[in-house]
Amino acid sequence: MKVPARTIWDVKVQSVCSIITAHDEPEVELFMSGNFGQCSLYPPRIIINPNRLYPIEGAIRREGRFAINVASSDQRAAVMRAIRVRRRSVNKATTVGLPIVQDAVHGIPYLPGCLRTIFCEIEDILDTGDHTVMIARVLESRHNADVGQVPVLYPEVAGVPSAFPKTSRFIRGMLTSLGVRDRLKRILRGPPPMEHVDLARNTYLDGGQTDAEVSVIVAPGVKDRSRVISPPQTPPKPLSRRLGVCVVGVGQWGSYHAQLFRDADPLVDLFICGRNADRVARVARASRATDSFIGLETALADPRVDAVALVLPHHLHPWGVKLAAAAGKHILVEKPIANSLAEADRMIADARNAGVTLMVAENFHFRPAFRDVVRAIDRGDIGEPLYLKVHAGGIMKPDGWKADAELMGGGVLMDIGVHYIRALRLILGEPDRVLATKAMQVNTKLGGDDSIQVLFSSKAGWQAHMLLSWSTPRGHSPDVIVSGEHGVLQIWPSASYVELYPAAPQLLTQLVSSVRPSWLADKLMSPAFQRVRLPIVDRDRIGYLTEIREFIAAVSEGRAPSTPAIDGRRDLEIVVKAYESLAADAWVGIPDYVAGQSCDRGAAVSVLLS
């Protein structure tokens, strides 16, 4: 090599791209490998060196078997996705879009359609630093004659890949054979340094780790399994039969719910119920309701009503659910599910015993921006997510029952915090600890908290911070920011896009940074040069309409909704723990949440604030 190499990556030791697959119960783990080698002809043996920071290393250690899937040129896009995919994510094959097949002969998962698949069994493992050398016996090398393509080479997918790989390969080969590449490198890099280049140290500084550093990095786990619930990936189906739904409550929010049900599906027969006859009549006319009722008992007695939407003050949720369940009506109840865990448990039991659907109206579960952010995180757009920040609220002076802490169940944390707790659970996962604190009370007419700060921590290595306030303006800022090692995602309320700010300099940033003099570059530089807007295709940006459609679809199809009532109970449980922390002025543990059930499900903790 005519140009001095500064790190091992400069010498391009990576060659043929392959995707290594191995069992890692309960899923299959995969890893994009830029090189593997043959270390014995008879018997045939293969050598690989997976990175200890990646789950594939531990999976191969445990299973002792793996497959090397040599990617063909038509699989280049999948290889590029496999390079970028989040290191600690689960179900990488789904994210990358690669089908996994269990080989019937060797019992090893592999990728069909590759140029060649080499099934291997471990013979020896050498602990050699941040990469482990693994020597494996070849059980079978299976060539796919139908593919008929050349393999993908590492330079074709590394760095910023070309949009025209074949043309790039031809030009690169021509320039190399003529010696032009080396001359260009020497010109661009300048004269080689006179002193000796410490290849090992430079490589370590650029991307290596000592054993102690590896221990620190993998301490939170090589996989992040803290995310238990996920946003729905597909919209609910339209109704196939008529469904009678009665909106119970004729306040501002009840009127809005009535309009949502009217817009959700033409097969909805809409009914309105309340205690004030004038308001009931007004809402019924505005929403073109089929009929209306005075009093919940009257509505529940009507056979035309299949389901009810309880848009009531928080303290009335248990009463409404108990009556509706006893009448055999399916139930959508506004968030929060209740003011205490004991009440939530009774509501869930009432619905279960009556055999009816109970769903909490949590529109954030259906907010498309959160779905797209989860996809971006899993793709690896920001590397490992480290922090989630929420800033929500704005000047507001609740009155009536919302100003009564006993009826409301709390303050701003109970009312809007429960939304963002669901967002946290969807985007990052289940927190393990919580610390809540607040500034001085400004609105003394409000019985609950008018502002609060909440810090969440997870054993998986991430943290979240929420600032919720009814006593300060919110200004102009995203309501949710997710910061990772390789970038930042910003979510704006009702926006038609999610903003991505990658850490790697974008083209315009690079061009402006090369401007001289440097003061002019500083003057021209803008953060907007780093911004990449990821469009949101859904028209329902806040998720309310999709929430309603999911409820009526679940009732019509006789299935559980994508977000069952236990999810709403878990949101409440985390709110409860935050209020406990606020009272104790200390960190408070949050019970584990596995497979849709809290490990502290029987608890009955009041959320009321003095």
Do the non-hydrogen side-chain atoms of [X] and [Y] ever get within less than 4.5 Å of each other?
X      : Y      : answer
Thr357 : Ile331 : no
Ile377 : Ile427 : yes
Ile542 : Ser494 : yes
Arg227 : Leu428 : no
Val228 : Arg570 : no
Val532 : Leu534 : yes
Asn363 : His419 : yes
Leu500 : Ile382 : yes

Self-check item: Option from Leu310, Val311, Leu260, Val308 for which side-chain contact (heavy atoms from CB on, under 4.5 Å) with Val247 holds
Solution: Val311
Return the [atom1] to [atom2] distance between [X] and [Y], rounded to the nearest 0.5 Å.
X      : Y      : atom1 : atom2 : answer
Leu243 : Ser556 : CG    : OG    : 6.0 Å
Leu424 : Trp462 : CG    : CH2   : 4.5 Å
Leu413 : Leu468 : CG    : CG    : 6.5 Å
Leu239 : Glu557 : CG    : CD    : 8.5 Å
Ile337 : Met359 : CD1   : CE    : 12.0 Å
His23  : Glu27  : NE2   : CD    : 11.5 Å

Mark yes or no for whether [X], through its side chain, and [Y], through its backbone, hold a donor-acceptor pair below 3.5 Å.
X      : Y      : value
Asn91  : Thr94  : no
Lys459 : Pro431 : no
Asp449 : Gly411 : yes
Gln441 : Gly448 : yes
Arg87  : Tyr54  : no
Arg371 : Pro232 : no
Lys335 : Asp415 : yes

Once you measure the plane-to-plane angle for [X] and [Y], does it fall in the parallel (<30°), tilted (30-60°) or perpendicular (>60°) bin?
X      : Y      : answer
His314 : His317 : tilted
His315 : Trp401 : tilted
Tyr256 : Tyr544 : perpendicular

Salt bridge or not between [X] and [Y]? Use side-chain N to carboxylate O under 4.0 Å.
X      : Y      : answer
Arg242 : Asp306 : no
Glu573 : Arg569 : yes
Arg422 : Glu362 : no
Asp479 : Arg367 : yes
Arg86  : Asp381 : no
Arg425 : Asp571 : yes
Lys223 : Glu29  : yes
Glu550 : Lys237 : no

Exercise. Just do the salt bridge (Lys or Arg N to Asp or Glu O under 4.0 Å) check on Asp399 and Lys445 with the steps written out, would you?
Key: CA-CA 8 Å; Asp399 56 11; Lys445 308 295 188 299; over 6 Å; no
Got a list of side-chain donor-acceptor pairs under 3.5 Å for residues 284-294, not counting sequence neighbours?
from   : atom 1 : to     : atom 2 : distance (Å)
Ser287 : OG     : Val283 : O      : 2.8
Asp291 : OD2    : Arg304 : NH2    : 2.8

Practice problem: Please test Glu430 against Ile574 for side chain to side chain contact (heavy atoms under 4.5 Å, CB included), starting from the C-alpha separation and ending with a verdict. | Solution: CA-CA 9 Å; Glu430 303 294 328; Ile574 296 174; 4.2 Å; yes
Closest non-hydrogen atom pair, [X] against [Y]:
X      : Y      : answer
Ser451 : Ala439 : OG-N, 4.4 Å
Val482 : Pro385 : CG1-CB, 4.2 Å
Pro236 : Ala553 : CB-CB, 3.9 Å
Pro55  : Val222 : CG-O, 3.3 Å
Ala327 : Leu300 : CB-CB, 3.9 Å
Leu267 : Ser240 : CD1-C, 4.0 Å

Does [atom1] belonging to [X] count more than 12 external heavy atoms closer than 6.0 Å?
X      : atom1 : answer
Asp585 : CG    : no
Arg474 : CZ    : yes
Arg559 : CZ    : yes

Is there a donor in the side chain of [X] and an acceptor in the side chain of [Y], or the other way round, less than 3.5 Å apart?
X      : Y      : value
Glu384 : His486 : no
Trp492 : Ser477 : no
Ser89  : Asp378 : no
Asp540 : Thr546 : yes
Arg375 : Gln233 : yes
Glu343 : Asn339 : no

Quiz item: Can you name the residues that form a ring-ring contact (aromatic ring centres under 6.0 Å, His included) with His330, not counting sequence neighbours?
Solution: none
List the atom pairs, donor and acceptor, that lie under 3.5 Å between side-chain atoms in residues 388-396 and the rest of the protein, sequence neighbours left out.
none

Exercise. In sequence, state the C-alpha distance, the side-chain angles, and the governing distance for Phe366 and Leu545, and then conclude on side chain to side chain contact (heavy atoms under 4.5 Å, CB included).
Key: CA-CA 9 Å; Phe366 303 94; Leu545 190 58; over 6 Å; no
Exercise. Evaluate side chain to side chain contact (heavy atoms under 4.5 Å, CB included) for Asp450 paired with Lys438, printing each intermediate quantity in order.
Key: CA-CA 9 Å; Asp450 65 344; Lys438 68 185 298 294; 4.0 Å; yes
Quiz item: Given the rule in the side chain to side chain contact (heavy atoms under 4.5 Å, CB included) test, do Asp567 and Ile229 qualify, once you have shown the distances and angles that lead to the verdict?
Solution: CA-CA 8 Å; Asp567 286 347; Ile229 63 173; 3.8 Å; yes
